[in-house]
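Just so you know, ligand 1 is whichever comes first in the structure, and atom 1 is the first atom listed for that ligand. Only this structure's heavy atoms are used, side chains among them; waters, hydrogens and symmetry mates stay out. Note that the coordinates shown come from a computational prediction; the quantities given were computed from them, not determined experimentally.
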Amino acid sequence: MKIIMLGAPGAGKGTQAKMISEKYGIPHISTGDIFRANIKEGTELGKEAKSYMDAGKLVPDELTVRILLDRVAKEDCRDGYVLDGFPRTIPQAEVLDEELKKKGDQVDRAINVDVPDENIVGRMSGRRACLKCGATYHIEHLPPKKEGICDACGSELVLRDDDKPETVKKRLSVYHEQTQPLIEYYEGKQILCTVDGTKDAREVFAAIERNL
Ligand code: ADP
Ligand code: ADP
Ligand code: ZN
């Protein structure tokens, strides 16, 4: 099963993608996590991506597509995957479709986690992320068992550089301009389902399960 998560920054794509990954036994692939891992390791890719990410802009399609296609070519993706944060532009979606089509394959479902802009800034300032394993928490809504420490891997949690309110506002406008058109794109392919992302994370997951 090949699943795509759509939604504004902070809508809960990563949180839901992790649950889908666990339930269906398919890898959770986040382009943002791949970029952050590269930044942490100080690679050339990381250096290039960081300038865009810190400004709240998208990393150019060419670079992002190359990273994603390399990742999904790996053995563990043979039976499917859940993509979180990719595609973020129509050209990215088109490249993915073309690559899959070459293998007689296609995306099965695009899940749109719907959360209004008003809710987003609060979610982001309370978000704490684990840069080692990609888990995210929220200081009020989804706190880790031990403050500041990842439940999954024991690493220290951080407030991401790009989760500051000014950058979040920029990311939201980029989302509306470049990513939101994907909702119509997948609707046209009749594989879109929209869930109310303002509900409790477990309720959101239950709605997703009903649609898969
Ligand atoms: P969020 O979880 O808030 O939606 P991500 O971790 O998915 O954020 O992405 C963080 C940043 O990484 C984005 O703001 C963007 O700069 C970059 N990025 C991640 N995925 C993509 C993509 N598919 N295309 C372009 N840039 C991306
Ligand atoms: P995205 O990957 O879309 O950027 P995340 O999954 O990282 O979003 O979630 C953003 C923040 O909101 C995190 O702090 C997360 O713990 C919190 N969060 C996720 N889902 C919910 C929910 N249903 N209700 C409240 N907070 C949530
Ligand atoms: Zn962790």
The atoms of ligand 2 lying under 4.0 Å from a heavy atom of A8, numbered in the order shown, are 3 (O)

Counting from 1 in the order shown, the ligand 2 atoms closer than 4.0 Å to a non-hydrogen atom of G14 are 1 (P), 2 (O), 6 (O)

N or O contact, [X] vs ligand 2, cut-off under 3.5 Å:
| X | answer |
| --- | --- |
| M124 | no |
| T15 | yes |
| G12 | yes |
| G10 | yes |
| V204 | no |
| D200 | no |

Does ligand 2 have a heavy atom under 4.0 Å from the side chain of [X], from its backbone, from both, or from neither?
| X | value |
| --- | --- |
| V113 | neither |
| H141 | side chain |
| K199 | backbone |
| L142 | side chain |

- With the side chain counted from C-beta on, respond yes when Y81 and D76 share a heavy-atom pair under 4.5 Å apart, and no when they do not. no

Tell me the contacting part of [X] for ligand 1: side chain, backbone, both, or neither, using a 4.0 Å heavy-atom threshold, strictly below.
| X | value |
| --- | --- |
| K57 | backbone |
| K50 | neither |
| V59 | both |

[X] with [Y]: basic N within carboxylate O range, under 4.0 Å:
| X | Y | value |
| --- | --- | --- |
| K132 | E156 | no |
| R202 | D200 | yes |
| K101 | E98 | no |
| D163 | R127 | yes |
| K170 | D162 | no |
| K146 | D151 | no |

Looking only at non-hydrogen atoms, the one of E140, R123, M5, R171 nearest atom 20 (N) of ligand 2 is R123

With rounding to 10 degrees, C150 SG, the Zn ion (ligand 3) and C133 SG define an angle of 100°

Output field for angle at the Zn ion (ligand 3), C153.SG vs C130.SG, rounded to 10°, should show 100°

Only one of I67, V72, I4, V65 passes side-chain contact (heavy atoms from CB on, under 4.5 Å) with F86, and that residue is V65

Assess the residue pair V113 and L6 against the criterion (side-chain contact (heavy atoms from CB on, under 4.5 Å)); give the C-alpha distance rounded to whole Å, side-chain angles, the decisive distance to 0.1 Å, and a yes or no. CA-CA 6 Å; V113 184; L6 294 176; over 6 Å; no

**Message:** Please confirm whether K170 approaches ligand 1 to less than 4.0 Å, judged on its heavy atoms.
**Reply:** no

Q) Is it true that G197 lies under 4.0 Å from ligand 2, counting heavy atoms only? A) yes

